[in-house]
Every structure is written in C-alpha cells, then in structure tokens.
2 protein chains.
Amino acid sequence: MLIRVDPASDVPIFAQVAASVRADAAAGRLRPGDRLPSAREVASSLEVNLHTVLRAYQELRDEGLVDMRRGRGAVVTDAVEPLAQLHDDVIALAQRARALGLSPDTLASLVKETFR
Amino acid sequence: MLIRVDPASDVPIFAQVAASVRADAAAGRLRPGDRLPSAREVASSLEVNLHTVLRAYQELRDEGLVDMRRGRGAVVTDAVEPLAQLHDDVIALAQRARALGLSPDTLASLVKETFR
DNA sequence: CAACTGTTCTAGTATTTCTATAACAGTTGT
DNA sequence: ACAACTGTTATAGAAATACTAGAACAGTTG
C-alpha cells in the first residue's frame, strides 16, 4: 500500500494523504477489511509528522471509510463500496474534462459546487 | 448575478467566490461576454474585503475563464464553453454520489485525485 | 473631467498547517 | 506477564495562509 504526496502542492499534506487513500479505495486497491499502514509508518516514510497522518486518517474515519482503534490500526469499512461503484464514472468525467482543457482544480471545484 | 458564500465553511472565501462563478458559467447563467459584478460591489454585498474578491477573480483569470482590465472589469471568455459542456455529466455524477451517501468533499477529492 | 474599473503597496491580525515531544491506553503475539 | 505494536491526548511553537485595512495608482467609460 503506497501513499503518495506532493510537498510542493498547495493542497495540505493531510488532505493529500486522505485523497490518496480514497483514490485507492475507489480503484479497488483497498477492500473492506484491509488495514491501512500504521500512522507512524506513513509519517516515517513520507517524512512528515505523526499528527499530520493521523489527521488524514481521522478525516477518513469521519467519512466512515475506516474504523480506527488503538492497537489495531485503521481498517477499511464497507463504506468504500460506493466509491468503487463511482470509479468508472469519475474516470470518464476526468477524461472528458482533460480533453476540454480543464485543470483538476477547476473540475473538482465544479463538482463540489454542483453537489451542494 | 448573485454570488453566494458560506462564512461558516472551512473553504476559503476567495475559493467559494471563484467556485460560485464557475458554477454559474457551467450552468449557462454566465455566457461569454458577460461582465462579472465589480470586485468592489461583490466585496460590499458579501461584507468581505476587496482583496478577497480580487483574489477569486484572479484565480478565474488564471484559469482563462475571464479577462480582466482596469476600468472595464472582469469579462467572461469563451473558455466557459467546456464547463457548460460538462454540466450535465457533472450533475449526473453528483446525483449518483448523493444517492450513495457521499459528501461533496469526498466526491470532489476523488475527482481531483483521479484526474491527476 | 468625474466616476468607475482593476492593480499595486504596505501592514497587521487570525486561522490553519505542520512540527516536536511526551505520555497514555488499548491490542496483539510471544 | 510481557514486549511491541496500535491510536489518543496534551502542550507548545513555528511557518504559511487567509483576511482585513487603508491608501495610492492607472486605465476606461460616458
């Protein structure tokens, strides 16, 4: 399980970590019952603080995507299924947007605003 | 032309202003050639600082969605067409996501990460 | 010329993000 | 029981970002 982060991005690191996990879940690379790498592991390999990773994990917990308990770690829940179901649609939309010359930020913002 | 903002949101005001304009463009409520309300007007009606609105406008300019010149204001460009073309797809995706119980933030993040 | 536009500048406050360190408290496997 | 692993909580501080404030500048329009 690999979590990627771009230190040069203006997107907060904790948000990038959460987004990375979400994307893996949507792609089916993370299934219900799978355990995320421990926060300390991720913090060490990304060379960021433990709290930064934990904040990302807590965000995922707030969304119901993982269960967290001390001693056990963060475990993926059934709530990732909806993400996986949307995966193909999201890919299709992203491809169209790219073909039209839109940026990821523009499309994401549009989606978010449309949803509200 | 109405720009909405939620002061309680954790999303920066300037980003909300830009997102509001993008959504209007995607919905066809803003067409190429239309002029945005002056930054001072918007700042006054939203009770925020002029610079906050200008930052939003500059973001839209960076995306190529508006042309800005002093004295004239911010004018919508042809670049809004791609947004309008995606409008129906975005609405459809948002509806599916909502039906699946996802939040706007979750979906937006997923879209952004998928695009990269 | 007057009234409008965005642009630029300086400056300060508040909030958010990230780091750092430490201790605490469940869980798991030996 | 014990060691080694988990997340949780607390405190503190540094750095970056968001927002405000006021002023002056420079094109555009009627």
Side-chain angles (χ1 to χ4, degrees), chain A residues 1 3-21 30 33-77 105 108-109 112, chain B residues 1 3-21 30 33-77 105 108-109 112:
Chain A
M1 156 104 229
I3 293 180
R4 284 195 209 86
V5 150
D6 175 13
S9 169
D10 58 333
V11 178
I13 297 173
F14 77 89
Q16 291 186 55
V17 171
S20 177
V21 173
L30 277 177
D34 288 351
R35 216 192 78 176
L36 300 186
S38 83
R40 281 179 178 83
E41 274 183 56
V42 177
S44 174
S45 78
L46 294 182
E47 295 182 325
V48 299
N49 195 271
L50 166 65
H51 298 302
T52 303
V53 179
L54 281 176
R55 177 160 177 191
Y57 278 20
Q58 285 154 9
E59 187 168 286
L60 295 169
R61 181 187 54 189
D62 290 345
E63 296 175 21
L65 298 181
V66 301
D67 277 334
M68 288 174 74
R69 288 189 193 170
R70 44 188 161 191
R72 292 190 184 166
V75 179
V76 176
T77 71
D105 288 318
S109 169
K112 188 172 179 180
Chain B
M1 157 105 228
I3 294 179
R4 282 196 210 86
V5 151
D6 175 14
S9 170
D10 58 331
V11 178
I13 297 175
F14 77 89
Q16 292 187 54
V17 170
S20 177
V21 172
L30 277 177
D34 288 350
R35 215 192 78 176
L36 300 187
S38 83
R40 282 178 178 83
E41 274 183 57
V42 176
S44 173
S45 77
L46 294 182
E47 295 182 325
V48 298
N49 195 273
L50 166 65
H51 299 301
T52 303
V53 178
L54 281 176
R55 178 160 174 190
Y57 279 19
Q58 284 155 10
E59 188 168 284
L60 294 169
R61 180 188 54 189
D62 290 345
E63 296 176 21
L65 299 181
V66 300
D67 277 334
M68 287 173 73
R69 289 189 191 169
R70 44 189 161 190
R72 290 189 186 169
V75 178
V76 176
T77 71
D105 287 317
S109 168
K112 188 173 178 178

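Values below: every heavy atom of this structure, side chains too, minus hydrogens, waters and symmetry copies. Chain identifiers are assigned alphabetically (A, B, ...) following the order of the sequence lines, protein sequences preceding nucleic acid strands; residue numbering begins at 1 within each chain.
If you take CE of Met68(B) and C1' of dT8(C), they are 13 Å apart, rounded to a whole angstrom. Rounded to an integer number of Å, the gap from CG of Asn49(A) to C1' of dA15(D) is 14 Å. The CZ-C1' distance, from Arg61(A) to dT9(D), rounds to 12 Å in whole Å. Rounded to an integer number of Å, the gap from Leu46(B) CG to dC19(D) P is 12 Å. Following rounding to the nearest Å, Leu50(A) (CG) and dT11(D) (P) show an atom-to-atom distance of 17 Å. Note: CZ (Arg40(A)) to C1' (dC5(D)) measures 9 Å, nearest angstrom.
Considering all non-hydrogen atoms of both residues, Tyr57(A) and Val66(A) come closest at O-CG2, 4.0 Å. Among all heavy-atom pairs drawn from Leu50(A) and Ala39(A), the shortest one is CD1-CB, 3.6 Å.
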Could you go through nucleotides 25-27 of chain C and list every protein N or O atom that sits under 3.5 Å from one of its N or O atoms, giving the distance for each pair?
from    : atom 1 : to       : atom 2 : distance (Å)
dA25(C) : O4'    : Arg70(A) : NH1    : 3.2
dG26(C) : N2     : Gly71(A) : N      : 3.4
dT27(C) : O3'    : Arg72(A) : NE     : 3.2

What nitrogen or oxygen pairs link the protein and nucleotides 14-16 of chain C at under 3.5 Å?
none

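By the 4.5 Å heavy-atom criterion applied to side chains, Val17(A) and Leu46(A) are counted as neighbours. Using a 4.5 Å heavy-atom cutoff, the side chains of Met68(B) and Leu54(B) are in contact.
Residue Ser38(A) has its side chain nearest to dG7(D) when only dG7(D), dC18(C), dT5(C) are considered. The side chain of His51(A) sits closest to dT9(D) out of dA23(D), dG7(D), dT9(D).
Leu36(A) CG to Ile3(A) CD1: the interatomic distance, rounded to the nearest 0.5 Å, is 6.5 Å. Residue His51(A) holds its NE2 atom at 10.0 Å from CD of Gln58(A), rounded to the nearest 0.5 Å. Taken to the nearest 0.5 Å, the CG atom of Asp10(B) stands 6.5 Å off from the CG atom of Asp105(B). Atom CD of Gln16(A) is separated from atom OG1 of Thr52(A) by 11.5 Å, given to the nearest 0.5 angstrom. For the atom pair CE (Met1(A)) and CG (Asp34(A)), the distance works out to 9.5 Å, reported to the nearest 0.5 Å.
Remark: dC9(C) base-pairs with dG22(D). Criterion, Watson-Crick or G-U wobble with two distances under 3.5 Å. Across all strands shown, dG13(D) pairs with dC18(C); the Watson-Crick or G-U wobble distances both stay below 3.5 Å.
Considering only side-chain N and O atoms, Thr52(A) lies under 4.0 angstrom from the phosphate OP1 or OP2 of dT19(C). Distances shown here put every side-chain N or O of Gln58(B) at or beyond 4.0 Å from the OP1 or OP2 atom of dG6(C).
In this structure, Leu54(B) reaches the bases: a heavy-atom distance under 4.0 Å links it to at least one base atom across the strands shown.
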